[in-house]
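This report refers to the structure that appears directly beneath it.
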Amino acid sequence: MKALLRRFARDQRGATAIEYGLIAVLIGVALIVGATALGGSLNNTFDFISGEL
């Protein structure tokens, strides 16, 4: 039983999976924020072009 607890404490697979999940979430948030900012800028550009035409 003691050996099983030691092996469980040394196992890093669960922690690694959580870390990769957090990295994926942060990348997703960064993409959404970037797309939102770029979308607003593109909208303004197209509004200006349509107004000039």
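Bear in mind that the values here come from a model prediction, so they are computed numbers and not experimental data.
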Taken in chain and number order and not counting sequence neighbours, the residues that satisfy side chain to side chain contact (heavy atoms under 4.5 Å, CB included) with I27 are I23, L31
dist L38:CG -> T45:OG1 (nearest 0.5 Å) comes out at 9.0 Å
dist N43:CG -> D47:CG (nearest 0.5 Å) comes out at 4.5 Å
